[in-house]
Every structure is written in C-alpha cells, then in structure tokens.
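Have a look at the structure below before the remarks.
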Amino acid sequence: PDAKVYVQHLVKEDARKVAQLLSDGVGRVYVCGDGANMARDVHHALAESLVVAGKAADEGAALAALEVLKKDGRLLHDIWSPIDEYED
C-alpha cells in the first residue's frame, strides 16, 4: 500500500516555493483541522521551509516570522482541539 502523505510532507517537499510565498508579502496559509497534531506539525514544517530556503537564520527566527504572519492575518488557524492543547 502507498504511504500516507500529509500536508506537512508536501510543505517540506516544496519548502523553497512555500518560503518564497510566505516571504514575498502576498502568500497566505490557512490551516484547518486537528490542532493537537496536524496543526503543530504543519507549523513546524512552515518554519523549517523558511530555514531551508534561507529566509530565516534558524528555527527561532522562523517561528518569529510565523508569528508576524499571524499578526498580519496571513497565517490563520481553524482547528478543532482546545486551544490550550495547541502550541506552536
């Protein structure tokens, strides 16, 4: 059987393209689903894409960049687990 492919795998596969979209000022990300696992994994894949593409120096800088995207309304979450279970 084929291995399952999740969105975080696809983000990592196209890390440079995703990072360019996030850093060019027009890209937007809407994460919808399980906040306990999927949202966290996608968040970390987005951060990793920024580092891989050279848009952030390290994971800390990438996570800070994602916080800016949240504040700018360009990174939105619609998750179904309690918010206190979700940590970036």
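Sequential numbering from 1 along the given sequence is applied to the chain's residues.
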Original post:
What heavy-atom pair brings Ala57 and Val51 nearest, and what distance separates the two atoms?
Top reply: O-CG1, 4.5 Å

Original post:
Between Asp34 and Ile79, is any pair of side-chain heavy atoms under 4.5 Å apart?
Top reply: no

**OP:** Write down the atom of Ser49, the atom of Val11, and the distance for their closest heavy-atom approach.
**Re:** CB-CG1, 4.4 Å

Original post:
In Å, rounded to the nearest 0.5 Å, how long is the span from CD of Glu48 to CD of Gln8?
Top reply: 11.0 Å

Original post:
Is the backbone N or O of Lys17 less than 3.5 Å from a side-chain atom of Asp14, with the two atoms forming a donor-acceptor pair by type?
Top reply: no

Original post:
Roughly how far, to the nearest 0.5 Å, is CG of Leu66 from NE2 of His44?
Top reply: 9.5 Å

**OP:** Would you give the length of the straight line joining atom CZ of Arg74 to atom CG of Leu22, rounded to the nearest 0.5 angstrom?
**Re:** 6.5 Å

Original post:
Hey, are the side chains of His43 and Leu63 touching, using non-hydrogen atoms and a 4.5 Å cut-off?
Top reply: yes

Original post:
Going hydrophobic residue to hydrophobic residue with side-chain gaps under 4.5 angstrom, can you get from Val52 over to Leu46?
Top reply: no

Original post:
Are Met38 and Tyr6 in one and the same hydrophobic cluster, where Ile, Leu, Val, Met, Phe, Trp and Tyr link if side-chain heavy atoms are under 4.5 Å apart?
Top reply: no

Subject >> Test item: Leu10 and Val18 side chains (from C-beta on) under 4.5 Å apart, heavy atoms >> reply: no

Original post:
Is Leu75 reachable from Val7 through a run of hydrophobic residues whose side-chain heavy atoms are each under 4.5 Å from the next?
Top reply: yes

Original post:
Between CZ of Arg16 and CG of Leu50, what distance do you get to the nearest 0.5 Å?
Top reply: 11.5 Å

**OP:** Report yes if some heavy atom in the side chain of Leu76 is under 4.5 Å from a heavy atom in the side chain of Val31; otherwise report no.
**Re:** no

Original post:
Does the side chain of Lys55 reach to within under 4.5 Å of the side chain of Gln20, using non-hydrogen atoms?
Top reply: yes

Subject >> Nearest heavy-atom neighbours spanning Ala19 and Ala53 >> reply: CB-CB, 3.4 Å

Subject >> Tyr30-Asp78 side chain donor-acceptor pair, cut-off 3.5 Å >> reply: yes

